[in-house]
Asks: 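Structure below; questions to follow.
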Number of protein chains: 2
Amino acid sequence: MDSKHPAGRLPEPPNPIADDGDEAHFCGTCAFSSACIAAGYNKPELAQLQCLVEHVGPFRASEHIFRTGDPFRAIFAVRSGTVKTRMVDKEGREQVLGFYLPGEVIGLNAIYPEHFPCDAVALDTSFFCRFSFPAMSALASRIPAVQKHLFRLLSKELGSASLLAGDHSADERMAAFLMDLAGRYAARGFSATRFHLSMSRGDIANYLRLAAETVSRVLSRFRSQKLIRIEGRELELLDPDALRQLGQALLPD
Amino acid sequence: MDSKHPAGRLPEPPNPIADDGDEAHFCGTCAFSSACIAAGYNKPELAQLQCLVEHVGPFRASEHIFRTGDPFRAIFAVRSGTVKTRMVDKEGREQVLGFYLPGEVIGLNAIYPEHFPCDAVALDTSFFCRFSFPAMSALASRIPAVQKHLFRLLSKELGSASLLAGDHSADERMAAFLMDLAGRYAARGFSATRFHLSMSRGDIANYLRLAAETVSRVLSRFRSQKLIRIEGRELELLDPDALRQLGQALLPD
DNA sequence: CCGCCGGGTTGACGCGGATCAAGGCGGGCG
DNA sequence: CGCCCGCCTTGATCCGCGTCAACCCGGCGG
């Protein structure tokens, strides 16, 4: 389950980077890779998928990929870096909706309103694949695997929304948050026990509906309980089973 | 904005009932009606939509429409009645995920896992249109309007998940909940100011992540502030503007 | 060099809402 | 009818976490 990092000493693993993907092989860790495979790498349809995608970036930390109210024209797959999505209410209070890692897709919640309902902000230097949505829809009509994939992506995000649901203690939320990140890194082939937190304590707190001080306290407690090792934003999970146990009420299964 | 009810005295309006819809006109208030219209009522495609839909019911209060783990084969549009979806963790604690009114669709979050990740339980005597999902997908490939509609339904539900996000006071949550219900009833042509709460206080509390006692107290306070009139589960909004104001941090716009 | 500033940690205190408890109401059933 | 059992309401108490405050640290600009 551990490191597929080529160079995996703790202080240095920077934010994982998805396969670069040349024109022929595309991004192996990308959310659409299975659609591509299903469609067949060599078929002419894949050329069409290549055609509607555009590599964009870099975006530096705190730069916007899109903003609330922008007209919806495309969805974005993270190639490298990390993104937070957030809403800002009219009193200026921020609400973090989610964090997106390499291989994950942002912008799906803009399909219905046809405008982005939130901001997307880079937390790291980040690169993206931009998929024109009209073109993608048209392709989906012709290639069932692409349509299916879009349905699955949307449905999957519906399911993950329930992570922050429920009135749970700060410990439960934090444990679930860490295990969720671990699982998502693992799903893309990165280490599930050692990774970098690209987001500030404040962002984590906001996402989990806690105060930043509480996040700090819980992490300190987890450390003193030997559940994790943490230095700044470098994290190692020392007892994933205990953490999973703690967060089980919030986690799938 | 008020009653389209044929008979609209307060104590009696039972749960609103969507158009029955004969074979030709289908359900006017249904979530798919615009897809049908876009496809054209008279085209042969509509016959196919009729073909993959099946009217099911009645389900009585507390009966399951589907259960956690059931294989995913279809989505359901509520024709009449009300449904709650919920997850039950292994300690037996219930978590209410949402309430669904006539014209709304349940089951979309099962597409990705291919099994229902939650229970759907009738709160009232309820009827449904059952849409075979494989058939629906196939149809979506041939009729862009149907595909677009499915994307929109999924995306819309993504947006509504953020209602319960955020750490907000019990008053804000309750006000937002009431206005959300009002808006959804209004969108289907029912009264936006007077309706029946099909769910118990306990269910509301669970959904809003409050204790049942808190829900009771907040409703009592709203009544004493002349914001609402409430008798048992019959509700009238006396000051929707004030309620919207209260809940604004949670509500769209 | 120093001062500043944003992010992080830690302690002290208070409040909102959970919990515990008691009682009312209505509906189903023996 | 009378009992029981959900559901709802209201009051009393308690506690987790938000808030306030102080301080540390590293980076950056003057």
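Residue numbers begin at 1 in each chain, while the letters A, B, ... track the order of the sequences.
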Asks: State whether the distance check finds a donor on one side and an acceptor on the other, under 3.5 Å, for side chain A:Glu213 versus base D:dC20.
Replies: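 Checked by distance alone, the answer is yes.
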Asks: Could you say whether B:Ala212 or A:Gly232 is positioned toward the 5' end of DNA chain C, judged by the nucleotide with the nearest heavy atom to each?
Replies: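 It is A:Gly232 whose nearest nucleotide is closer to the 5' end.
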Asks: Taking the six-membered ring for Trp and the full ring for Phe, Tyr or His, determine whether the centres of B:Phe190 and B:Phe195 are under 6.0 Å apart.
Replies: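 For B:Phe190 and B:Phe195, the ring centres are not under 6.0 Å apart.
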Asks: Would you please name every residue forming a side-chain contact (heavy atoms from CB on, under 4.5 Å) with A:Gln248, sequence neighbours left out?
Replies: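 Applying side-chain contact (heavy atoms from CB on, under 4.5 Å) to A:Gln248 gives A:Gln245, B:Lys90, B:Glu91.
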Asks: Assert yes or no for the condition that the ring centre distance of A:Tyr100 to A:Phe76 is strictly below 6.0 Å.
Replies: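 No, too far apart.
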Asks: Students often get this wrong, so: under 4.0 angstrom with heavy atoms, is B:Arg233 touching a base, only sugar-phosphate, or nothing?
Replies: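 Contact class for B:Arg233: sugar-phosphate only.
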Asks: Please check this pair: side chain of A:Arg223 against backbone of A:Ile228, looking for a donor-acceptor N/O pair closer than 3.5 Å.
Replies: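 No.
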Asks: State whether the distance check finds a donor on one side and an acceptor on the other, under 3.5 Å, for side chain A:Arg221 versus base C:dT10.
Replies: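 Answer is no: no donor-acceptor pair is held.
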Asks: Compare side-chain N and O positions of B:Ser216 against OP1 and OP2 of D:dT10 and report whether any pair is under 4.0 Å apart.
Replies: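 Checking D:dT10 against B:Ser216, no side-chain N or O comes under 4.0 Å of OP1 or OP2.
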Asks: Between the side chain of A:Arg209 and the main-chain N/O of A:Asn206, is any donor-acceptor distance below 3.5 Å?
Replies: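 Looks like yes, one N/O pair under 3.5 Å.
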Asks: Have a look at A:Arg173 and say if it touches a base, only the backbone sugar-phosphate, or nothing, with a 4.0 Å heavy-atom cut-off.
Replies: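 Answer is nothing: A:Arg173 stays at 4.0 Å or more from every strand.
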Asks: Heavy-atom contacts under 4.0 Å between residues 200-211 of chain A and DNA chain C, which residues?
Replies: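 Result for residues 200-211 of chain A: A:Ser200, A:Arg201, A:Gly202, sorted by number.
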Asks: Going by atom types only, do A:Ser155 and B:Asn109 share a side-chain donor-acceptor pair under 3.5 Å?
Replies: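 There is no such pair between these side chains.
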Asks: Starting at atom CZ of A:Arg223, determine the distance to atom P of C:dT10, rounded to an integer number of angstrom.
Replies: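 In whole Å, C:dT10 P lies 6 Å from A:Arg223 CZ.
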Asks: Is B:Thr214 near enough to C:dG17 that one of its side-chain N or O atoms lies under 4.0 angstrom from OP1 or OP2?
Replies: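 False: B:Thr214 side-chain N/O out of range (4.0 Å or more) of C:dG17 OP1/OP2.
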